Amino acid sequence: YETGKGYGVKVSTIYPGMTDTQMLRDFNPPVDPKNWMLPEDIANCVLFLLKQSERVVVKDIIPWASRHDQI
C-alpha cells in the first residue's frame, strides 16, 4: 500500500453508503430513511482519520447505519 511516498501523504477511502442528502431524498423509487446515515456520521469518520498519528494508515472505512446492520 503506497502512501504518497516521499511526500508524507496518507490516503484513506470512506465508502459512505446511503447518507441523508437531497439526492437520496429525491430518489425514485423512494428509499427507506431508517437505513440512512446522517452527514455528520460521515464527518465523524473524517475526524477519526484526522486524529490518527502519523504512524497509522487507515486504508478503508465502510460505515453503515446500525439499524441496517443485520450481521
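Everything numeric here is computed off the predicted structure, so don't read it as measured data.
Every residue meeting the side chain to side chain contact (heavy atoms under 4.5 Å, CB included) condition with Val46, not counting sequence neighbours, appears here in chain and number order: Ile14, Leu50. Residues that satisfy the side chain to side chain contact (heavy atoms under 4.5 Å, CB included) test with Asn28, not counting sequence neighbours, are Pro30.
Between atom CE of residue Met37 and atom CG of residue Asn44 there is a gap of 11.5 Å, rounded to the nearest 0.5 Å.
Under a hydrophobic clustering in which Ile, Leu, Val, Met, Phe, Trp and Tyr are joined whenever their side-chain heavy atoms come within less than 4.5 Å, directly or via other members, Trp36 and Phe27 fall into the same cluster. Criterion: ILVMFWY side-chain heavy atoms under 4.5 Å apart, direct or through other members. Under it, Val56 and Leu49 are part of a common hydrophobic cluster. Hydrophobic clustering of Ile, Leu, Val, Met, Phe, Trp and Tyr side chains at less than 4.5 Å, counting indirect connections, unites Ile42 with Val58. The same ILVMFWY cluster, assembled from side-chain heavy atoms under 4.5 Å apart, contains both Tyr15 and Trp64.
Shortest non-hydrogen contact noted between Gln52 and Lys10 is O-NZ, 4.1 Å.
Applying the salt bridge (Lys or Arg N to Asp or Glu O under 4.0 Å) test to pairs two or more places apart or on separate chains, none has a residue in residues 40-55. Sorted by first then second residue, the side chain to side chain donor-acceptor pair (under 3.5 Å) pairs that include residues 16-25, not counting sequence neighbours, are Asp20-Arg25, Gln22-Asp26.
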